[in-house]
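Please read the structure below before turning to the comments.
One-based numbering along the sequence shown.
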Amino acid sequence: MRGIRLVIFILLLSMFTSMAHAADFPAKGSNFIHDTAGMIPSELVKELEKAAGASAPYTFHILTVESLGSVEAEVYAKQVYDTWSLRADDILILLSKMDRRIQLYFLNVPLQKKFDALPEDYAGSDYATRSSIDRLIGKNFTPLAKEGDFGTGLMNLITATNTLTKPVAETSTSSQPVVEPSASPKPDIETNVVPKTETEVYTPPKPDAEEVTPVPQMNDSQIARSDQAQEEPFYAKSTTIITGIAVLGCVILALVIYFVIRYRMRVALKKKALISTEANSIELLHAQENLRPLLDLYVGVSAEKTLLPLSSEINEHADLTQKLIDSITNHKIKFFIFGATELDQLVKRVNDLDSKVKQLSASANELVELDQSNSREVEEMKIAIQAVSERASELAHHYQMNLKRIWEEIEVNKEKAEAIYKLQLVELIDAKKMLEPQRKQTTLHNHLFDALPSLLTDQKEGPRNITEVESNIHMQLRDNRLELIEFNPFEMTNYALNAHKLLCASLESGDLEEAHKQSQDLHESLQVAVQMIIDRVKLRDSIEQDTEKSQQFIQSFVSNEDECEDKLSKMKSQFHESDWSTMPSKYELAIQSYKEVVASLPAAILSFDEQRYQAARKQVDHILQMSEQASSAMEESMLIYTQAVLRREAMDRDVSELWAKFQEAYSLISLQDISLQSGAGKLLAKTSDTIRKDKGNLDQVLWSSRTRLVDAERMLKSLHNDITLFEKNVEQAVQLKKQAEREIDEVQRNFEKVSKRTRNRDISSSYSYHYQMKINDANDLFTRGLYADVSNRLSEASQYIGQMQSEYDAIIHEEKRREEEERRRREEEDRRRREERRRQKEVDDRRRREKERRSQEKEDRRRQASSSSSSYSSSDNGSDASSGSDSYRSPRGSSGGDNW
């Protein structure tokens, strides 16, 4: 069944695709070029668009596509022609990029006649046996297309089509006038029948007419429209119907596909939801089976708090799950339906139920695991307590000790373990958590049993170890010449001796925990006593080193003090008070700190000699702090002088560099011969005087007895700005001068060129006069240094040069105009002569043809007079047969093409 549906679906899809093929064409729009395949160069599109839409006499519509697929080129072109509803004077040119094919299509019988009039050798021997349209394409388009020049090929094809001539036979026939025959002696043939051609319309002869009567004729477009009049409605209607059916079929097919896919998705969703719900039902069933033994076994308080609520909730969700399975199973999926449905709500309920079922199953598994682990935990605890009891009996027997307290704790643990064992038989409890205190105490008992040998060793060897430590302390005191001042390590040995006594008492009473604690105190006390000697020696050595540093500071400060006093005096004599105002305070702070160090050092040395090292440590730390403060204040005081000197030296260097730049810029003025009397030069002279004055004032401030550095820096900054501006102005003046020189030379060269050009022409001399006045003014301004004004004068001089050039151009233009008029006059005379000769020739030709016509008419009348009555009848029948139909008329249109 599914295979049949698939085959039907593929057949319908193929049918609608082929019917909708006409809708794939691009919209006609207002353009004549539809280059969808990008074959025409962009620079030729505009020109080609203009030529295609010129309607001289045909309009061309050009379409390029990537591929024709499986459709024939002529069929494809006809579909485009019909879809776009083209007219009789429209020609479609179709190009396929992948198929390398060009196809022409049109509905115009006269145009087809023009094509058929082409000679067989028009495009060479290769196209002699092919259609006339192929010959036109083969000559004008195909050679260029093979080179990839499609744009030029299309232009040649359009030009060649527009310039096609009418066939010779048609031209001669349509140009012959219709004449009235002369009167015949026979009365029954007074009216003759004139044969009809395609382009002639019969007109009855007028009486007494002797002149030639022209016959009206139709152009190619009118004939083609009459040929196509009966065809266009059919093609237009058929195209509209096919397009409508295709669109409707696509819409129906899309809806069918949408509902089929949606229906299959809904079926799959229902199946998935049903499988998930059944799995949840099975999981809840397993949870019920796991909890059922526990419900039968436990009936206590804990069961009421945990088991019963959980079991009730599982049963409730099991019922909900079964109802949900029934709802999903009985749900019918509708084929035609939009939006959310009942199935979506069922799926949402399944998802919500799934998470809850997993939570309930996990809770049930936890209770089952707890039930299985309770008995195991109690049994393990009993075994551990029994092992501790056996080990206590073994150790008590081995060491002949009384372990009364441990025995009491073991009995309590046994009773607690037994009580928990009985409780877990009727209650669902957490045995592991309840047995945690017994587990910790059992671990402690094992640890104490492991430490029992070391405790007995401390009981036996403790006094001897204490005596050895005391002997070692006496030796260290003697070797390091230490006295028991501020510390006493023997206090810690006495504390260790007291801990030993308590250790012995605990062992006798069987309190191993207390004995272990006293053993730790004993060892820690002996370690502290030994460490006190080591720390005391380190303290003494550090105090001794810091005391030596203080003494070295005192010795070095004396020389620094003399140097600082010398710099302070120089600072006061060389610089202003604002620059050294903080220096005396820094110096006084250093002196005070130094005096405090000198006063405190003897007391620290005395404390050190008396072995009061803790007091000496505090005193030495204070001395080090004062020493550092004195050194810092002294360095800051001397740094003030050093910075002041460096600032003045830096300003001296800056002044020298600035003055060198000023002299270099000033020398450039002399080198460029810039006048200082007016213009920019006068401003430069004024600026240089100001700079010299400011430089003198700065030198006076820098080398005065009490230099104020802030004022000197301010003056230096002002001098720097002035010299920088002076350099910039000098550079601008030099540039202005060079620019003025270039402009003067350029204007003079232009004047010489124009003068040379206009020398032999009648040009007014006032231009040269005014130009010379302006150029003389410019040279005078240049000499005075007014370079900005030079440009204005040169601009005025250039205007006079331009006027000279304009007058010269006007003279040349007038000469050329006269020459052109003379040339046109001669050409017009030649044309009139040729026209007179042509007219004379036409008159001669008309006279000759009229003479021949009259001779022919005379001969015809003679023949008619001698013919019999039966000949008249035969002549009439022959006239009717000559008005036959046009063999070129083809309701299928004209088409031709070629491959490149």
Point-to-point distance, once rounded to the nearest 0.5 Å, from [atom1] of [X] to [atom2] of [Y]:
{"X": "I93", "Y": "I158", "atom1": "CD1", "atom2": "CD1", "answer": "5.0 Å"}
{"X": "I801", "Y": "Q748", "atom1": "CD1", "atom2": "CD", "answer": "9.0 Å"}
{"X": "R848", "Y": "K841", "atom1": "CZ", "atom2": "NZ", "answer": "10.0 Å"}
{"X": "T142", "Y": "R100", "atom1": "OG1", "atom2": "CZ", "answer": "10.5 Å"}

Is there a donor-acceptor contact under 3.5 Å from the side chain of [X] to the main chain of [Y]?
{"X": "T64", "Y": "A37", "value": "yes"}
{"X": "N140", "Y": "A160", "value": "no"}
{"X": "D99", "Y": "L68", "value": "yes"}
{"X": "Y771", "Y": "Q799", "value": "no"}
{"X": "R130", "Y": "R135", "value": "no"}
{"X": "D35", "Y": "G38", "value": "yes"}

Within a strict 4.5 Å, meaning less than it, do heavy atoms of the [X] and [Y] side chains meet?
{"X": "F60", "Y": "T161", "value": "yes"}
{"X": "Y58", "Y": "N162", "value": "yes"}
{"X": "L794", "Y": "K774", "value": "no"}
{"X": "E741", "Y": "I744", "value": "no"}
{"X": "D745", "Y": "R742", "value": "no"}
{"X": "L107", "Y": "Y81", "value": "yes"}
{"X": "L111", "Y": "I91", "value": "yes"}
{"X": "M39", "Y": "L95", "value": "yes"}

Residues D809 and Q805: side-chain donor-acceptor under 3.5 angstrom: yes
Any donor-acceptor N or O pair under 3.5 Å, side chains T36, E66: no
Mutual orientation of the aromatic rings belonging to F150 and F141 [parallel < 30°, tilted 30-60°, perpendicular > 60°]: tilted
Parallel, tilted or perpendicular: ring planes of W84 versus H34, cut at 30 and 60 degrees: tilted
Test log, rule side-chain contact (heavy atoms from CB on, under 4.5 Å), inputs V80 and Y76: CA-CA 6 Å; V80 177; Y76 196 101; 3.8 Å; yes
Of the options [options], which is the one that meets [X] in a side chain to side chain contact (heavy atoms under 4.5 Å, CB included)?
{"X": "I102", "options": "N899, L157, D134", "value": "L157"}
{"X": "M804", "options": "S764, S755, S766", "value": "S755"}
{"X": "R825", "options": "E821, E828, E829", "value": "E829"}

Heavy-atom pair of closest approach, residues [X] and [Y]:
{"X": "G151", "Y": "P41", "answer": "N-CD, 4.1 Å"}
{"X": "I137", "Y": "G896", "answer": "CD1-O, 3.8 Å"}
{"X": "I33", "Y": "A52", "answer": "CD1-CB, 4.3 Å"}
{"X": "S96", "Y": "S67", "answer": "OG-CA, 3.6 Å"}
{"X": "A123", "Y": "G138", "answer": "CB-C, 4.3 Å"}
{"X": "S798", "Y": "V747", "answer": "OG-CG2, 3.6 Å"}

Evaluation steps, side-chain hydrogen bond (donor to acceptor under 3.5 Å, both in side chains), between E743 and Q739: CA-CA 6 Å; E743 291 178 355; Q739 182 179 358; 3.2 Å; yes
Pair F115 and F106, ring centroids less than 6.0 Å apart: yes
Verdict with supporting geometry, K78 and E74, salt bridge (charged side-chain N to carboxylate O under 4.0 Å, His left out): CA-CA 6 Å; K78 182 179 182 301; E74 183 176 354; over 6 Å; no
Derivation and outcome, side-chain hydrogen bond (donor to acceptor under 3.5 Å, both in side chains), residues D89 and T59: CA-CA 6 Å; D89 55 352; T59 301; 5.0 Å; no
Stepwise side-chain contact (heavy atoms from CB on, under 4.5 Å) check, K28 with H61: CA-CA 9 Å; K28 178 184 177 184; H61 298 267; 3.7 Å; yes
Residue pair R818, E814: steps toward the salt bridge (charged side-chain N to carboxylate O under 4.0 Å, His left out) verdict: CA-CA 6 Å; R818 292 175 181 176; E814 181 63 21; 3.2 Å; yes
Check against side-chain hydrogen bond (donor to acceptor under 3.5 Å, both in side chains), E746 and N750: CA-CA 6 Å; E746 183 179 357; N750 290 339; 4.5 Å; no
Stepwise side-chain contact (heavy atoms from CB on, under 4.5 Å) test for Q112 and I133: CA-CA 8 Å; Q112 181 62 56; I133 300 178; 3.8 Å; yes
Carboxylate-amine/guanidinium proximity below 4.0 Å for R831 and E827: no
Salt bridge flag under 4.0 Å for residues K816 and E820: no
Does atom [atom1] of [X] have more than 12 heavy-atom neighbours, drawn from other residues, nucleotides or ligands, at distances under 6.0 Å?
{"X": "R847", "atom1": "CZ", "value": "no"}
{"X": "E47", "atom1": "CD", "value": "no"}
{"X": "R823", "atom1": "CZ", "value": "yes"}
{"X": "R832", "atom1": "CZ", "value": "yes"}
{"X": "E120", "atom1": "CD", "value": "no"}
{"X": "R854", "atom1": "CZ", "value": "no"}

Sequence-distant partners of D830, salt bridge (charged side-chain N to carboxylate O under 4.0 Å, His left out), two or more places apart: R833
Step-by-step side-chain hydrogen bond (donor to acceptor under 3.5 Å, both in side chains) determination, D860 to Q864: CA-CA 6 Å; D860 290 342; Q864 290 176 2; over 6 Å; no
Evaluation steps, side-chain contact (heavy atoms from CB on, under 4.5 Å), between D898 and Y127: CA-CA 10 Å; D898 194 15; Y127 291 86; 2.6 Å; yes
Pi-cation contact, Y122 with K139 (under 6.0 Å, within 45°): yes
